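Okay, structure first, notes after.
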Amino acid sequence: MVKEFLREEGQCFHFIYLPPYSPQLNPIERLWKWLKDTVIANVFHKDRNDIIQAITRFVNYIHERPEEVLQHLGCAG
């Protein structure tokens, strides 16, 4: 099925080799780091609910500012 698809649509794809472990090439890794630096690092949370609220605020923040998020992650100019 894949071979048939590539025969028909293959010219639209460019395959790029990535090393087996390359977090620097994966934008989600930069998002996790941003979340940890903002929500977890050097912050005392009194309980689990406090951590959940802090993560929720972070998620709401990034949802409201998609262009800023792309720039922060190095995915936009």
Side-chain angles (χ1 to χ4, degrees):
M1 190 167 92
V2 172
K3 287 180 181 180
E4 181 181 331
F5 174 81
L6 290 175
R7 269 195 302 277
E8 295 173 12
E9 305 292 335
Q11 67 276 7
C12 299
F13 292 93
H14 300 281
F15 295 97
I16 301 171
Y17 170 79
L18 294 177
Y21 180 72
S22 52
Q24 72 281 9
L25 300 176
N26 189 350
I28 194 65
E29 296 292 343
R30 293 189 289 268
L31 182 66
W32 289 129
K33 181 179 183 329
W34 186 14
L35 179 132
K36 288 188 282 185
D37 290 348
T38 303
V39 175
I40 307 287
N42 299 318
V43 178
F44 175 77
H45 295 284
K46 60 184 176 188
D47 57 23
R48 183 175 178 221
N49 190 47
D50 192 35
I51 296 171
I52 291 169
Q53 289 175 354
I55 292 170
T56 300
R57 284 191 301 272
F58 179 82
V59 169
N60 290 338
Y61 178 87
I62 65 172
H63 277 294
E64 293 169 1
R65 297 165 179 83
E67 289 300 319
E68 180 183 336
V69 171
L70 291 174
Q71 288 178 346
H72 190 92
L73 299 180
C75 299

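What's counted below: heavy atoms across the whole structure, side chains too, no hydrogens, waters or symmetry copies. In this text the structure is predicted, and so the values were computed from the model without any measurement.
- Between the CG atom of L35 and the CZ atom of R30 there is a distance of 15.5 Å, given to the nearest 0.5 Å.
- In terms of heavy atoms, L25 sits closest to P19 at CD1-CD, 4.2 Å.
- Atoms NZ and CG, from K3 and L6 in turn, are 10.0 Å apart once rounded to the nearest 0.5 Å.
- For the atom pair NZ (K46) and CD1 (I51), the distance works out to 12.0 Å, reported to the nearest 0.5 Å.
- Every residue two or more places apart in sequence or in another chain that forms a side chain to side chain contact (heavy atoms under 4.5 Å, CB included) with I52 is listed here: R48, T56.
- Summarising the geometry, atom OG1 belonging to T38 is positioned 11.0 Å from atom CD1 belonging to I55; distances are rounded to the nearest 0.5 Å.
- Taking both residues in full, the closest heavy atoms of H45 and A54 are given as CE1-CB, 3.7 Å, listed atom of the first, atom of the second, then distance.
- L73 is connected to Y61 through a chain of hydrophobic side-chain contacts under 4.5 Å among Ile, Leu, Val, Met, Phe, Trp and Tyr, so both are in one cluster.
- The two residues D50 and F44 have their closest heavy-atom pair at OD2-O, 4.2 Å.
- I28 and V39 end up in the same hydrophobic cluster when Ile, Leu, Val, Met, Phe, Trp and Tyr side chains are linked at under 4.5 Å.
- I62 places a side-chain heavy atom less than 4.5 Å from the side chain of W34.
- A distance of 7.5 Å separates SG of C12 from CZ of F5, quoted to the nearest 0.5 Å.
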Run N26 and W32 through side-chain contact (heavy atoms from CB on, under 4.5 Å) and show every step you take. CA-CA 11 Å; N26 189 350; W32 289 129; over 6 Å; no

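- Partners of K33 by salt bridge (charged side-chain N to carboxylate O under 4.0 Å, His left out), not counting sequence neighbours, listed by chain and number: D37.
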